[in-house]
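Data block below; observations after.
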Number of protein chains: 2
Amino acid sequence: MHTRKSVRIGRDTRQRRAILEVLRKANGPLTPSEICRWARRRVPSLGIATVYRHLRVLTAAGLLRRVELPGGSARFEWGDIPHHHHFLCRRCTRAFCTSSCRRRLIEAVPRGFKVESHEVTLIGICRQCFHRRKQPRPG
Amino acid sequence: MHTRKSVRIGRDTRQRRAILEVLRKANGPLTPSEICRWARRRVPSLGIATVYRHLRVLTAAGLLRRVELPGGSARFEWGDIPHHHHFLCRRCTRAFCTSSCRRRLIEAVPRGFKVESHEVTLIGICRQCFHRRKQPRPG
DNA sequence: ATATGTGCAAACTCTTTGCATGGAG
DNA sequence: CTCCATGCAAAGAGTTTGCACATAT
């Protein structure tokens with residue numbers, strides 16, 4: 001594990017390794033409870049508070065990125081993947097990464113306002129939900 | 001007050017009038033607590049639960065629209081204004097309407113996924129926060 | 001050995017719900 | 001007069017914090 005900026009990210013524990021491995025294998029940003037549910041396969045005693053603590057520290061260090069999509073909890077994804085957007089399934093509420101941002105996004109904003117970043121969320125139905133009746137498990 | 005679809009929206013009370021008037025005068029979508037705070041100028045006894053109940057009914061009836069922006073509570077705005085996006089001030093967390101969506105927004109999504117709607121949020125600093133030191137009141 | 005991490009439970013915030021009373025129709 | 005709406009309080013969900021014990025370094 002390497003920190004880019006020599007930022008304090010604390011000790012290398014089983015819990016942290018489990019959390020990072022879940023996120024490394026995910027195909028989109030995950031919520032804290034999703035992360036906890038999956039990481040418990042490796043560390044069954046893992047508490048949700050520990051997940052929140054790691055997510056906060058690792059996000060501050062730049063190793064993870066916080067993604068806020070409409071509707072639910074904040075989600076977390078690997079921090080060094082290039083700029084892109086997300087697809088949020090209205091039915092199962094899972095989020096998926098889209099391909100990178102292709103077009104210049106220029107929105108008129110009032111004079112004097114400073115745009116520092118933007119978030120694009122596409123909302124609809126994912127392929128699995130389109131074909132299935134039951135709500136699939138996250139992951 | 002006219003309902004478009006003859007949908008049940010319930011009685012015309014002081015509380016409802018106060019909530020709708022706050023939203024009619026707002027320059028952007030407001031959170032339930034912002035709406036409650038402002039509507040209490042007209043109806044001091046107004047409870048937050050009543051605000052939530054009206055917002056749910058009026059949104060279901062199409063009179064209001066629910067706007068989910070990154071970071072906080074859902075926000076509500078008048079339902080019949082044309083398609084547009086929002087500017088969210090990172091500092092005071094107030095949301096403002098931008099001018100309408102000028103460009104076609106085409107994002108590549110995985111095959112089989114159905115895009116039904118999208119949300120664009122621009123994040124940055126609003127003019128007041130850029131010039132002021134203190135967090136301004138919502139509204 | 002020592003300082004940090006962990007799990008549990010409690011605190012907190014946001015939102016919803018149950019219930020007795022108030023008020024619109 | 002009859003329901004529906006209201007306000008309060010309690011119940012739930014999601015997130016944070018305090019504390020005693022466990023553990024990485």
Side-chain angles (χ1 to χ4, degrees), chain A residues 1-3 6-22 29-61 63-64 66-76 93-95 135 138, chain B residues 1-3 6-22 29-61 63-64 66-76 93 95 138:
Chain A
M1 183 182 314
H2 55 93
T3 74
S6 70
V7 181
R8 287 275 63 232
I9 63 165
R11 293 175 178 172
D12 183 23
T13 63
R14 291 181 306 135
Q15 288 83 350
R16 163 165 297 179
R17 284 191 296 274
I19 289 167
L20 287 174
E21 180 164 4
V22 166
L30 302 179
T31 63
S33 75
E34 286 170 344
I35 293 165
C36 190
R37 194 149 9 102
W38 284 94
R40 276 180 174 156
R41 295 190 171 191
R42 295 221 158 217
V43 184
S45 68
L46 178 63
I48 186 69
T50 297
V51 174
Y52 276 102
R53 281 186 280 235
H54 279 297
L55 293 174
R56 176 141 28 99
V57 169
L58 294 169
T59 299
L63 205 61
L64 298 181
R66 187 188 182 89
V67 178
E68 313 249 22
L69 301 182
S73 304
R75 290 173 162 87
F76 295 84
T93 74
R94 285 189 299 176
Q135 183 166 339
Chain B
M1 186 183 313
H2 57 92
T3 72
S6 70
V7 180
R8 288 273 64 231
I9 63 166
R11 292 175 178 172
D12 182 23
T13 63
R14 291 181 306 136
Q15 289 83 350
R16 161 164 297 178
R17 284 192 296 272
I19 289 167
L20 288 174
E21 180 164 2
V22 166
L30 301 179
T31 63
S33 75
E34 286 170 344
I35 293 165
C36 191
R37 194 149 10 100
W38 285 95
R40 276 181 173 155
R41 296 190 170 191
R42 295 223 158 216
V43 184
S45 67
L46 178 62
I48 186 69
T50 297
V51 174
Y52 277 101
R53 280 186 281 236
H54 279 296
L55 293 175
R56 176 143 29 99
V57 170
L58 294 169
T59 299
L63 205 59
L64 299 182
R66 187 189 183 89
V67 178
E68 313 249 21
L69 301 181
S73 304
R75 291 173 162 84
F76 295 84
T93 74

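In the text below, chain A, chain B and the rest are named by the order of the sequence lines, each starting its count at 1.
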Atom of A18(A), atom of V43(A) and distance for their closest heavy-atom approach: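 What the structure gives for the nearest pair is CB-CG2, 4.0 Å.
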
If you take all heavy atoms of C36(B) and L46(B), which pair is closest and at what distance?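 Looking at all heavy atoms of both residues, the shortest contact is SG-O, 4.0 Å.
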
Side-chain contact, heavy-atom cut-off 4.5 Å: [X] with [Y]?
{"X": "L20(B)", "Y": "L58(B)", "result": "yes"}
{"X": "I35(B)", "Y": "H54(B)", "result": "no"}
{"X": "L30(A)", "Y": "R75(A)", "result": "no"}

Strictly under 4.0 angstrom, non-hydrogen atoms only: write out the protein contact profile of nucleotides 18-25 of chain D, one letter per nucleotide from the 5' end, B, S or -. B----BBS

Judged by each residue's nearest nucleotide on DNA chain C, which is more toward the 5′ side, P44(A) or I48(B)?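 The residue whose closest nucleotide sits nearer the 5' end is P44(A).
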
Has the side chain of R16(A) got a donor or acceptor atom that lies under 3.5 Å from a matching backbone atom of I9(A)?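 Answer holds: yes.
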
Does the side chain of T50(B) get closer than 4.0 angstrom to OP1 or OP2 of dG7(D) through an N or O atom?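 It does, given that an N or O in the side chain of T50(B) lies less than 4.0 Å from OP1 or OP2 of dG7(D).
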
Is the phosphate of dG7(C) approached by S45(A) (side-chain N or O, under 4.0 Å from OP1 or OP2)?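 For S45(A), the contact criterion (side-chain N or O under 4.0 Å from OP1 or OP2 of dG7(C)) is met.
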
The side chain of V43(A) lies closest to which of these nucleotides: dG7(D), dT17(D), dG7(C)?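 Nearest nucleotide to the side chain: dG7(C).
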
Using the side-chain heavy atoms of Q15(A), tell me which of these nucleotides is nearest: dT6(C), dT16(D), dT16(C).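 Nearest to the side chain of Q15(A) among the choices is dT6(C).
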
d([atom1], [X]; [atom2], [N]) in whole Å:
{"X": "R56(B)", "N": "dT16(C)", "atom1": "CZ", "atom2": "C1'", "result": "7 Å"}
{"X": "R16(B)", "N": "dG25(C)", "atom1": "CZ", "atom2": "P", "result": "10 Å"}
{"X": "H54(B)", "N": "dA24(C)", "atom1": "NE2", "atom2": "P", "result": "12 Å"}
{"X": "R66(B)", "N": "dC14(C)", "atom1": "CZ", "atom2": "P", "result": "15 Å"}
{"X": "L46(B)", "N": "dC8(D)", "atom1": "CG", "atom2": "C1'", "result": "13 Å"}

